[in-house]
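Atoms considered below: every heavy atom in the structure, side chains included; atoms not considered: hydrogens, waters and symmetry mates.
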Amino acid sequence: MSLTSAPTLRERLTTPVLLAVLLGFLALSLGTLNLLKLQPAGVDFAGLWAGGKAALTDIGKLYDFHYVSELQGWPLGPGKLRPYAYPPSALLLLTPFALAPWNLSYIVWTLATGAFFVWAGVKAGAPKWFPLIPWVAFAAFCGQATFLLGGLVMAGLALTSSPIIAGVLFGCAAAMKPQLLMLLPLALIAERRWTTIVATGVTGLVLCAVSAAVFGLQPWFEWLGALSRFEYLVSHARLLVANAITPYAALTYWRQEGSWALLLAPGAALWVWLTFRRGADLSDKIIALFGGAFLISPYAMNYELALFAPATAAYLARTRDPRWPAYAAAAVLQAIVLHPAFFSLAATLSLPLLKALPLPPFLGREPEASLIRNG
């Protein structure tokens with residue numbers, strides 16, 4: 001007599017429901033092309049490209065919002081500003097792309113960084129179909145630095161056996177967008193990755209020193225001064241605030257004081273510490289590291305949700321977990337465009353919480369750890 005129990009109704013339905021969810025994700029991803037009716041592809045990359053262009057033409061105007069917008073030449077009407085807001089150290093990567101026309105550079109940029117992002121996501125334990133998460137297509141359409149930053153951080157988290165290489169990857173990411181990695185030092189201390197901490201700091205310092213030697217020190221002071229102007233520009237654009245994913249932006253959208261979100265800082269730090277200290281799986285580390293940063297950042301736009309795509313897909317792949325319906329519901333909610341976009345971030349951040357909650361009796365027994373894919 002066979003000892004294998006008959007599959008439950010939930011187990012029999014999981015595979016077809018998962019396929020339906022993935023088909024829905026594919027449809028939403030293809031639907032991104034409808035945005036061409038509103039704006040050209042690569043609008044956000046144009047700001048990165050123009051930053052590199054300004055470094056070649058007039059570095060003194062790198063943070064002149066009007067000058068950088070004029071370099072892009074977008075037919076968006078008068079007063080439509082698209083500034084360059086990244087630190088001067090990012091120019092070491094971006095300036096070579098400014099040597100070619102923006103449309104060609106956008107294609108090369110998206111294909112190269114997208115391939116790296118997919119490789120790093122799979123390396124971090126995500127199923128190969130994770131690019132079907134709709135925010136991946138949206139990030140590709142925008143042409144932001146999301147793929148590059150996500151790939152660097154995920155590869156750094158995965159390469160625990162190569163601490164120096166991991167540190168170099170983290171340092172490169174921090175030189176590009178330091179606010180995204182504000183909680184990384186805490187995570188590395190929790191894991192006692194001392195060599196990686198040193199390699200990260202040295203890499204960041206070297207890149208900053210090289211950028212200062214090439215472009216001068218003045219752009220660094222101008223960048224610090226431009227941050228408040230950039231925040232003012234975002235905070236006074238209702239659509240941008242609606243599409244920002246942070247609690248700060250959500251409060252601003254509801255016409256409340258956004259700085260109240262800073263009260264979440266201790267909780268975000270504790271979350272990252274406990275996640276990395278306990279040796280959680282990579283999916284939870286990705287969610288905690290990026291999610292913790294977004295909880296205490298003033299603004300981060302909805303395309304940054306693509307950073308969570310590998311972790312979201314890894315949860316969706318846990319089809320033997322009795323909590324899978326809750327994971328699927330959170331993934332679907334994340335994929336829906338909501339205003340304010342903080343709701344999509346909240347759905348993503350709920351995944352580790354759902355896993356930690358006690359399992360209701362009607363959902364069955366806890367599966368063996370070996371039966372749960374990716375953690």
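- Note that CG of L71 and CG of D58 are 9.0 Å apart. Values are rounded to the nearest 0.5 Å.
- No side-chain heavy atom of Y327 sits under 4.5 Å from any side-chain heavy atom of T312.
- A cation-pi arrangement is absent between R229 and Y63, since the terminal nitrogen or guanidinium carbon is not both under 6.0 Å from the aromatic centre and inside a 45° cone about the axis.
- With R277 contributing its side chain and A190 its backbone, the two residues share a donor-acceptor pair below 3.5 Å.
- Salt-bridge check for K53 with E70: failed, with every basic side-chain N at 4.0 Å or more from each acidic carboxylate O.
- Taken to the nearest 0.5 Å, the CG atom of L94 stands 8.5 Å off from the CG atom of L148.
- Note: F147 and F117 have parallel aromatic rings, judged against thresholds of 30 and 60 degrees for the angle between ring planes.
- The backbone N or O of P298 sits nowhere less than 3.5 Å from a side-chain atom of E231 that would complete a donor-acceptor pair.
- Taking the six-membered ring where the residue is Trp, F45 and Y106 present tilted rings, their angle falling between 30° and 60°.
- Atoms CG and OG1, on L282 and T160 in that order, are 8.0 Å from each other to the nearest 0.5 Å.
- Side chain of S344 to backbone of I336: a donor-acceptor contact under 3.5 angstrom is found.
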side-chain contact (heavy atoms from CB on, under 4.5 Å) between F308 and F290, intermediate numbers included: CA-CA 8 Å; F308 299 104; F290 291 140; 3.7 Å; yes
Show the numbers, then the answer: is there a side-chain contact (heavy atoms from CB on, under 4.5 Å) between K355 and R318? CA-CA 11 Å; K355 184 178 69 172; R318 300 173 182 181; 3.5 Å; yes
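- A salt bridge does not link D284 with R278: every distance from a Lys NZ or Arg NE/NH1/NH2 to an Asp or Glu carboxylate oxygen is 4.0 Å or more.
- A distance of 8.5 Å separates OH of Y248 from OG1 of T246, quoted to the nearest 0.5 Å.
- To the nearest 0.5 Å, the span separating CG on D44 from CD on Q144 amounts to 4.5 Å.
- To the nearest 0.5 Å, atoms OH (Y299) and CG (N243) are separated by 12.5 Å.
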Derivation and outcome, side-chain contact (heavy atoms from CB on, under 4.5 Å), residues Y253 and R238: CA-CA 7 Å; Y253 179 83; R238 185 68 173 169; 3.8 Å; yes
Verify ring-ring contact (aromatic ring centres under 6.0 Å, His included) between W109 and F97, making sure each step is shown before the conclusion. CA-CA 8 Å; W109 169 268; F97 285 92; 5.2 Å; yes
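- A side-chain contact (heavy atoms from CB on, under 4.5 Å) with L159 holds for exactly one of L169, V168, I164, T196; it is L169.
- For the residue pair T348 and Q334, a side-chain donor N or O sits within less than 3.5 Å of a side-chain acceptor on the partner.
- A donor-acceptor pair under 3.5 Å links the side-chain atoms of E257 to the main chain of S259, judged by distance alone.
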Going through the distances and angles, do Y67 and Y84 end up as a ring-ring contact (aromatic ring centres under 6.0 Å, His included)? CA-CA 10 Å; Y67 177 74; Y84 173 81; over 10 Å; no
